[in-house]
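Okay, so here's the structure we're looking at.
Here the structure is a predicted model, which means the values were calculated and not measured. Computed over heavy atoms, backbone and side chain alike; hydrogens, waters and symmetry mates excluded.
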Amino acid sequence: MTNLGRLYSLLDDVQLPDTIPYSQVSTWELRFLYLLGRHHLTGEDRLVELGSGGGGSTYALALGLRESPVFDERRGRLHAYDFFRVGKGTFATEKFFTSGRKPADDNSFLNDFRERLEPFLPFLEIHAGSLWQTSDPEDTSPIEFLHIDIAKTPRVFRCVTERFLTRLRPGSVVLHQDFAGPRLPWLHHSTGALLPYIEIAGPPIRSTLAFEVVRPIPEDVLKSIAEDTFSVDEKLALISAVQDRIDRDHTGGIPFKPVLEFAKAYVAHYAGEHRRAWSLAKPLISDEYLSRTRSDHFEQLRKAYDEDRAKNGGGGSRLSRLVNKALGR
């Protein structure tokens, strides 16, 4: 069992306060964050949360740190990064406002966040705005804990890689909160590239994958991740390596093997290989979880495939069209 794995046995016994702010992550994930703060993290190196949202995850982690016998509030710091506003490109919800909807004249919920996290402000540093603007490219200080709930686009993930993953050391803990999102395949193939240097804690906690760095990560590996130099085939192989390590989440509700197979389809889709993307996605329609929760994903890939076929004269030669028809493509 990994150092983090021992926390799983404590999950059922965690009782979080009713005052915890609204969060888009599950109660299980909030419990795990609390346990990390309470029983694992020291605060000797940087504690970083990328994508704090309305504050629920920040609150759970900070509460655990406050109750930790080793965390020193006078020296340790929890860094919270977010736009702290709703609007195009922020992936935020109006539920992050205390009223449940944004005021007519303001799209920032930063003050709401501060009010909710008031008990922890003495050791909480808030970084509001674009991650490219609020993170320091010259900061090389080691990171003990990195919670990634912000990498919704390849551009943002590049920032995460260049300015945060490069600061991981053996013993660093990373949480990928969006690991159940097929549309974010960079999370999956980058994890595949990191497998020789990390230990996965155990089954994902709902959509969160937790791992600990156990060996120094070579600079060339991080550069390849940041610059997205892997070919489509290499990315698919890296995701397959992750599929070999994880199955269902801790609660048994999310089947990660088909989720990751769907992520492979998006690797091909983003590369413009729409026929290949649909050939990977189509067999997954029969998966109960994916058909129930990701119907819009299937529609997106099928639409791209149909448009690509139409653009290319219905799929090529008469023979290839007959083959495609026979295969139901």
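The stretch residues 233-256 participates, sequence neighbours left out, in these ring-ring contact (aromatic ring centres under 6.0 Å, His included) pairs: Y8-H250, W28-H250. The ring-ring contact (aromatic ring centres under 6.0 Å, His included) contacts involving residues 48-67 comprise Y59-F120, where partners must be two or more places apart or lie in separate chains. Residue pairs meeting the ring-ring contact (aromatic ring centres under 6.0 Å, His included) criterion with at least one partner in residues 190-246, sequence neighbours excluded, do not occur; the list is empty.
Using a 4.5 Å cut-off on side-chain heavy atoms (C-beta onward), H274 and L301 make no contact. Considering only heavy atoms from C-beta on, L146 comes within 4.5 Å of L50 through its side chain.
Put simply, the residue from R158, K235, R155 that forms a salt bridge (Lys or Arg N to Asp or Glu O under 4.0 Å) with D228 is K235. Of the residues L63, I205, I20, the one that meets the side chain to side chain contact (heavy atoms under 4.5 Å, CB included) test with L30 is I20.
Among residues two or more places apart in sequence or in another chain, the salt bridge (Lys or Arg N to Asp or Glu O under 4.0 Å) test is passed with E125 by R77. Looking at residues two or more places apart in sequence or on another chain, you find no side chain to side chain donor-acceptor pair (under 3.5 Å) involving S286. For the side-chain contact (heavy atoms from CB on, under 4.5 Å) test, residues two or more places apart in sequence or in another chain that qualify with L10 are L7, L35, H39. Residues passing the side chain to side chain donor-acceptor pair (under 3.5 Å) test with S190, sequence neighbours excluded: none. Residues satisfying the salt bridge (Lys or Arg N to Asp or Glu O under 4.0 Å) criterion with K303, sequence neighbours excluded, are absent altogether. Residues passing the salt bridge (Lys or Arg N to Asp or Glu O under 4.0 Å) test with E144: none are found, sequence neighbours excluded. For E44, the side-chain contact (heavy atoms from CB on, under 4.5 Å) test picks out T42, with sequence neighbours left out. S135 pairs by the side chain to side chain donor-acceptor pair (under 3.5 Å) definition with R163, not counting sequence neighbours. The salt bridge (Lys or Arg N to Asp or Glu O under 4.0 Å) test applied to D296 returns R183, not counting sequence neighbours.
By the 4.0 Å N-to-carboxylate-O rule, E261 lies close enough to K264 to be salt-bridged with it. K152 has a carboxylate O that lies under 4.0 Å from a charged side-chain N of D178, or vice versa, which qualifies the two as a salt bridge. D287 and K257 are not joined by a salt bridge, as no carboxylate oxygen comes within less than 4.0 angstrom of a charged side-chain nitrogen. The pair D106-K102 does not meet the salt-bridge criterion, since no charged nitrogen lies less than 4.0 angstrom from a carboxylate oxygen. Salt bridge status for K223 with E219: absent, with no side-chain N to carboxylate O gap under 4.0 Å. The pair R46-D139 meets the salt-bridge criterion, since a charged nitrogen lies less than 4.0 angstrom from a carboxylate oxygen.
Within a 6.0 Å sphere centred on CZ of R169, heavy atoms belonging to other residues, nucleotides or ligands number more than 12. Residue R292 qualifies as enclosed at atom CZ: its count of foreign heavy atoms under 6.0 Å is above 12.
We find the CZ-CG distance between R245 and L195 to be 4.5 Å, quoted to the nearest 0.5 Å. With rounding to the nearest 0.5 angstrom, the CG atom of D308 is 14.0 Å from the CZ atom of R276.
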* Mind running side-chain contact (heavy atoms from CB on, under 4.5 Å) on F145 and H79 for me, showing each step along the way? => CA-CA 10 Å; F145 172 75; H79 296 263; over 6 Å; no
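With ring centers used as reference points, F262 lies under 6.0 Å from F298.
Geometrically, R38 does not engage Y34 in a cation-pi contact defined by less than 6.0 Å to the ring centre and at most 45° from the axis.
Note: F164 and Y81 have perpendicular aromatic rings, judged against thresholds of 30 and 60 degrees for the angle between ring planes.
A donor-acceptor distance shorter than 3.5 angstrom exists from the side chain of E29 to the backbone of S26, with no hydrogens or angles considered.
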